[in-house]
Amino acid sequence: MFMFSRSICCAKLNQLSTFETLFSNLKLRPYATPLIGPLQTCESRIYSREKAEYANVNWDELGFALTKTDYMYVMNFTEEEQKFFNGTLTRFGNIEMCPSSGILNYGQGLFEGLKAYRKEDEGILLFRPQENALRMKMGADRMCMPSPTVDQFIDAVKKTVLANKRWVPPYGRGSLYVRPLLMATGRNLGVKPSSDYTFLVYASPVGNYHKGDLNLMVEDNVHRAIPGGTGGIKAVTNYSPVYKPLTEAKAKGFSDLLFLDALTGSNIEEGSACNIFILKGNVISTPTTHGTILPGITRTSIMEIASDFGYQVEERAILIKEVFDAEEVFCTGTAMVVKSVASITYQGKRIGYKLGAETLAQKLHATLTGIQTGLIEDKLGWTMLID
């Protein structure tokens, strides 16, 4: 039976204005911690999981759009403290910001994206959150920003998910998308790094990123990234420049764009928000991440799984003409996971690809999501149980 210590939890949650609301209904036990009795050790404590409480959501109709949840996490870095400190959970809502802040004036900001998954027994798993934390640190260094430590990052994600756990979809019906933001929020009229920063984490339940077939159009006029730029990190400024060609492509019936390298205009790089792979025989190829391509965490995971399947996986420059000889093409990303490409159109020429249950993409998708939801044993230590 769960015991509850109000004094212990109060120390951690004393900044929540809604404390009494959270703890008035002990049936939910959102932050309840089982205590170790005199006959138990840390290794032998026994948990009895109660039936999960869910928000009033039509889980079967979820797309990839914001659904407002209950809480977000906020932590600040100040010029005086020179570190991130005193992170707190607060009600999800709008934030105030100085009009001259670095994020608004100069785009000094980063974001990450990861997911929390519901297991069959209604426990909750995170997938490789430490990799997101490390990628944010790498991006922060490039953008001349301080970043939370790996432990601070993971702690913030855990607290955000647990505070919103009624929004984690039931097993097999979606996931809770978690969005950490790192923003320059100090007053800054001149072109220089900010003095103050805010780390914020919010979450939203989501379903499929792309519903239906994935039909790509090659964009050969606009480039997503350039050598020496910020294409290899999740800078907030990387995404809006592609809105115009992406909107035009969708108006023509395409799902997404496939960008070419800015240097030669002949090598494929990635989609607007996903990495790409091609399959020929037993060889899987994906463009090298050399500073213009985001090193996706799903990308890396799929490469490891495919290698375990016995495929030869290579990172290299891939000419656009090679995609027309591929047996199969698929994209990966946190939002879309793994998805087969139905077709690619380049300069009026369209080529279709293999789809269906027998594709490699489907097998990779089943294996990856099986690990993410606890259905398949995680032998690689990728998942983190937080509930």
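Counting from 1, the numbers follow the sequence of the chain as shown.
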Original post:
Within the side chain of Thr367, is there an N or O that forms a donor-acceptor pair under 3.5 Å with the backbone of Leu364?
Top reply: no
Subject >> Distance, nearest 0.5 Å, that separates CG of Leu246 from CZ of Arg224 >> reply: 12.0 Å
Original post:
Between the side chains of Thr185 and Asp196, is a donor N or O closer than 3.5 angstrom to an acceptor N or O?
Top reply: no
Original post:
Is the count of non-hydrogen atoms from other residues, nucleotides or ligands lying under 6.0 Å from Lys280 atom NZ greater than 12?
Top reply: yes
Original post:
Is the centre of the Tyr209 ring less than 6.0 Å from the centre of the Phe64 ring?
Top reply: yes
Subject >> Criterion side-chain contact (heavy atoms from CB on, under 4.5 Å) on Phe84 and Asn76, from CA distance to verdict >> reply: CA-CA 5 Å; Phe84 282 97; Asn76 293 306; 5.7 Å; no
Subject >> Exceeds 12 heavy-atom contacts within 6.0 angstrom, atom CZ of Arg187 >> reply: no
Original post:
Looking only at atom types and distance, does a side-chain atom of Ser101 sit under 3.5 Å from a main-chain N or O of Met97, one as donor and one as acceptor?
Top reply: no
Original post:
Heavy atoms, side chains only, cut-off 4.5 Å: are Thr67 and Trp167 in contact?
Top reply: yes
**OP:** Drop me the distance from Glu269's CD to Leu263's CG, to the nearest 0.5 angstrom.
**Re:** 9.5 Å
Original post:
Which pair of non-hydrogen atoms, one from Ala306 and one from Val313, has the smallest distance, and what is that distance?
Top reply: CB-CG2, 3.9 Å
**OP:** Please list, chain by chain and in numerical order, all residues satisfying ring-ring contact (aromatic ring centres under 6.0 Å, His included) with Phe277, sequence neighbours excluded.
**Re:** Phe330
Original post:
Hey, would you say the Tyr239 and Phe111 ring centroids sit under 6.0 Å apart?
Top reply: yes
Original post:
For the atom pair OG1 (Thr78) and OH (Tyr197), what is the distance rounded to the nearest 0.5 Å?
Top reply: 12.0 Å
Original post:
Can Ile297 be reached from Leu134 by stepping across I, L, V, M, F, W or Y side chains whose heavy atoms are under 4.5 Å apart?
Top reply: no
**OP:** With side-chain contact (heavy atoms from CB on, under 4.5 Å) as the test, would you mind laying out the steps for Cys331 and Asn275 before giving the verdict?
**Re:** CA-CA 5 Å; Cys331 292; Asn275 296 120; over 6 Å; no
Original post:
If you look at every heavy atom in Gln108 and Cys144, which pair is closest and at what distance?
Top reply: NE2-O, 3.2 Å
**OP:** Measure from the side-chain N and O atoms of Glu53 to the backbone N and O of Ala55, and report whether any donor-acceptor pair falls under 3.5 Å.
**Re:** no
Original post:
Where is the tightest heavy-atom contact between Pro241 and Val222, given as atom of each residue plus distance?
Top reply: O-CG1, 4.5 Å
**OP:** Determine, step by step, whether Phe92 and Tyr71 satisfy the ring-ring contact (aromatic ring centres under 6.0 Å, His included) criterion, reporting the C-alpha distance in whole Å, the side-chain angles of both residues, the deciding distance to 0.1 Å, and the verdict.
**Re:** CA-CA 5 Å; Phe92 179 87; Tyr71 294 95; over 10 Å; no
Subject >> In one Ile/Leu/Val/Met/Phe/Trp/Tyr side-chain cluster, 4.5 Å: Val323, Ile284 >> reply: no
Subject >> Close side-chain approach of Val218 and Leu257, heavy atoms under 4.5 Å >> reply: no
**OP:** Answer yes or no: does atom NZ of Lys349 have more than 12 heavy-atom neighbours from other residues, nucleotides or ligands under 6.0 Å?
**Re:** no
Subject >> Cluster link Val206 to Met336, ILVMFWY, side chain under 4.5 Å >> reply: yes
Original post:
Is there a donor-acceptor pair under 3.5 Å between the side chain of Asp220 and the backbone N or O of Gly265?
Top reply: no
Original post:
Counting only N and O atoms by type, is there a donor-acceptor contact under 3.5 Å from the side chain of Ser343 to the main-chain atoms of Tyr353?
Top reply: no
Subject >> Straight-line distance of Ile293 CD1 to Glu315 CD, nearest 0.5 Å >> reply: 9.5 Å
Original post:
Less than 4.5 Å apart, any side-chain heavy atom of Leu176 and any of Val161?
Top reply: yes
Original post:
Do Asn188 and Ser194 get their side chains close enough for a donor-acceptor pair, meaning under 3.5 Å?
Top reply: no
Subject >> Minimal non-hydrogen separation, Tyr171 against Lys119, with atom names >> reply: CB-O, 3.5 Å
Subject >> Shortest non-hydrogen contact between Pro180 and Met136, atoms and distance >> reply: O-CE, 4.0 Å
**OP:** Look at Lys252 together with Glu248 and state whether they make a salt bridge at an N to O cut-off of under 4.0 Å.
**Re:** no
Subject >> Same apolar cluster: Ile371 and Met384, side chain cutoff 4.5 Å >> reply: no
Subject >> Ser301 and Arg128 side chains, donor-acceptor separation under 3.5 Å >> reply: yes
**OP:** Please answer whether the main-chain N or O of Val283 pairs with a side-chain N or O of Glu314 as donor and acceptor at a distance below 3.5 Å.
**Re:** no
Original post:
Should Ile276 and Pro287 count as side-chain neighbours, where that means a heavy-atom distance under 4.5 Å?
Top reply: yes
**OP:** Using only heavy-atom distances, determine whether the side chains of Thr332 and Thr298 contain a donor-acceptor pair under 3.5 Å.
**Re:** no
**OP:** Specify the closest pair of heavy atoms between Ala65 and Ser204, including all atoms of both residues, with the distance to one decimal.
**Re:** O-OG, 3.4 Å
**OP:** Please lay out, stage by stage, how Tyr54 and Arg166 fare under the test side-chain contact (heavy atoms from CB on, under 4.5 Å).
**Re:** CA-CA 4 Å; Tyr54 290 103; Arg166 71 191 188 100; 5.6 Å; no
Subject >> Test salt bridge (Lys or Arg N to Asp or Glu O under 4.0 Å) applied to Glu112 and Arg179, Arg135, Lys137, the passing residue >> reply: Arg135
Subject >> Parallel, tilted or perpendicular, as decided by the 30° and 60° cut-offs, for the rings of Phe153 and Phe199 >> reply: tilted
Subject >> Check: Arg118 side chain, Val168 main-chain N or O, donor-acceptor pair, under 3.5 Å >> reply: yes
**OP:** Look at the side chain of Thr359 and the backbone N and O of Leu355, then say whether any donor-acceptor pair between them is shorter than 3.5 Å.
**Re:** no
Subject >> Intermediate values then yes/no, salt bridge (charged side-chain N to carboxylate O under 4.0 Å, His left out), Glu322 and Arg316 >> reply: CA-CA 12 Å; Glu322 292 186 62; Arg316 62 176 179 84; 2.7 Å; yes
**OP:** To the nearest 0.5 Å, tell me how far Leu375 CG sits from Thr369 OG1.
**Re:** 8.0 Å
**OP:** Would you indicate whether the side-chain heavy atoms of Gln372 and Lys115 approach each other to under 4.5 Å?
**Re:** no
**OP:** Output yes when a side-chain donor or acceptor of Glu219 lies under 3.5 Å from a complementary backbone atom of Leu258, and no otherwise.
**Re:** no
Original post:
Phe127 and side-chain contact (heavy atoms from CB on, under 4.5 Å): which partner among Asp378, Leu368, Thr334?
Top reply: Leu368
Original post:
Does the Thr69 side chain pair with the main chain of Ala203, one donor and one acceptor, at a distance under 3.5 Å?
Top reply: yes
**OP:** To the nearest 0.5 Å, tell me how far Thr90 OG1 sits from Met72 CE.
**Re:** 5.5 Å
**OP:** Would you please test Phe309 and Glu304 for side-chain contact (heavy atoms from CB on, under 4.5 Å) and show each step?
**Re:** CA-CA 9 Å; Phe309 281 0; Glu304 293 189 47; over 6 Å; no
Subject >> More than 12 heavy atoms of other groups within 6.0 Å of Glu358 CD >> reply: no
**OP:** Would you mind reporting whether Thr345 and Asn215 have side-chain heavy atoms less than 4.5 Å apart?
**Re:** no
Original post:
Among the clusters formed by ILVMFWY side chains lying less than 4.5 Å apart, do Ile351 and Ile268 turn up in the same one?
Top reply: yes
Subject >> side-chain contact (heavy atoms from CB on, under 4.5 Å) partner of Leu385, the single match among Leu125, Leu126, Ile124 >> reply: Leu125
